[in-house]
Amino acid sequence: RMRRGEEDEAPEGIEFHADPGEGGAAGAVRLLAGTYWNEGEEPDRIRAAQLGSSAWVVAREAATGLVVGTARAISDGARKAWIYDVAVDESWRGGGVGKALLRRLLDHPRIRGVRQVHLSTRDAQDFYRAFEFLAVPPGAGPGTTMVRQAIERLGGSVSSSAKSRRESGDASSDDSSADRPAITRL
């Protein structure tokens, strides 16, 4: 298991940049467009999300400057942070870029002192377990996780089934259980 303070060697040929601004945005959009969690999202919104984050780290090829990894988080700096958009270029996967990227994100000044760090994943549970993230069983929290989605994102209207579930307060037919957030113990 990787723990804070453990020796962290950057993979050879990779440089990491915290809060890279516009210089990292185009590369991050290239990596994130088409990922399952950004499906249908406009590139300008992906770019704005990166730039508006509390913490953001990119990995670049030292020789070319090409962005080959990105990870960002939103944080209140004290109680909670949410990690989003962790991605590594296919040609660099398996070489430690993702691990080094996430270590740097978790050590970012806006993230390192928070009590809980949340994230949601459909396919990378083992990767995050190595960082002591735990799956949260349904009903384990103090309440129900709820999401408000902008109407424009749903094509300008709310489907009749979603509207009736919303009006009745029934979210049981929601298939998001595979994407439940995980927390880390601090």
Side-chain angles (χ1 to χ4, degrees), residues 1-11 14-25 27-29 31-32 35-38 41 45-60 67-88 93 96-150 171 174 176-186:
R1 288 192 179 249
M2 290 160 271
R3 301 191 190 290
R4 194 169 290 144
E6 190 175 280
E7 187 67 26
D8 179 31
E9 294 294 323
I14 297 293
E15 298 173 344
F16 294 88
H17 302 271
D19 304 316
E22 289 288 346
V29 169
L31 290 174
L32 295 166
T35 56
Y36 72 82
W37 63 91
N38 279 311
E41 201 63 74
R45 283 192 181 265
I46 296 171
R47 181 186 145 283
Q50 306 311 298
L51 294 170
S53 295
S54 306
W56 177 30
V57 181
V58 299
R60 293 180 182 271
V67 173
V68 297
T70 186
R72 70 182 184 95
I74 305 295
S75 174
D76 62 19
R79 294 182 57 227
K80 297 188 188 271
W82 278 87
I83 292 177
Y84 298 96
D85 292 338
V86 178
V88 175
R93 289 182 192 159
V97 174
K99 290 176 183 175
L101 191 66
L102 190 60
R103 276 191 225 118
R104 283 166 173 78
L105 183 65
L106 291 170
D107 196 43
H108 189 285
R110 294 287 297 164
I111 308 303
R112 81 170 67 112
V114 300
R115 190 173 302 261
Q116 291 183 337
V117 180
H118 299 255
L119 61 84
S120 180
T121 184
R122 152 178 359 171
D123 57 2
Q125 291 84 354
D126 290 340
F127 174 78
Y128 292 109
R129 280 187 194 106
F131 290 88
E132 299 181 344
F133 281 85
L134 305 170
V136 177
T144 301
T145 300
M146 299 179 75
V147 175
R148 180 181 184 272
Q149 190 111 353
D174 181 12
S176 64
S177 61
D179 291 332
R180 295 220 190 271
I183 60 172
T184 186
R185 292 182 192 164
L186 297 177

How long is the straight-line distance from NZ of Lys80 back to CD1 of Ile74, given to the nearest 0.5 Å? 15.5 Å

Can you give me the closest heavy-atom contact between Asp76 and Arg79, atom names plus distance? OD1-N, 2.7 Å

State, with a plain yes or no, whether a side-chain heavy atom of Val86 is found less than 4.5 Å away from one of Tyr128. yes

Locate the shortest heavy-atom distance separating Val67 from Ala28; write the atom from each residue and the value. CG1-N, 4.1 Å

Between CZ on residue Phe133 and CG on residue Leu119, distance to nearest 0.5 Å: 4.5 Å

Atom CG in Leu102, atom CG in Asp107: separation rounded to 0.5 Å? 11.0 Å

CD on Glu41 to CG on Leu32, rounded to 0.5 Å: 10.5 Å

How long is the straight-line distance from CG of Leu31 back to CG of Asn38, given to the nearest 0.5 Å? 11.0 Å

Which atom pair, heavy atoms only, marks the closest approach of Ser54 to His108? O-CE1, 3.7 Å

Output for pair (Asp85 CG, Thr35 OG1), nearest 0.5 Å, gives 6.5 Å

Has the side chain of Tyr36 got a donor or acceptor atom that lies under 3.5 Å from a matching backbone atom of Arg122? yes

Would you indicate whether the side-chain heavy atoms of Leu106 and Ile83 approach each other to under 4.5 Å? yes

Non-hydrogen atoms of Arg129 and Asp126 that approach each other most closely: NH1-OD1, 2.7 Å

Kindly say whether Ser75 contributes a backbone atom to a donor-acceptor pair with the side chain of Arg110 at under 3.5 angstrom? yes

Mind listing the closest non-hydrogen atom pair of Ala25 and Trp56 along with its distance? N-CH2, 3.5 Å

Ignoring hydrogens, what is the shortest heavy-atom contact between Ala135 and Pro137? Give both atom names and the distance. O-CD, 3.4 Å

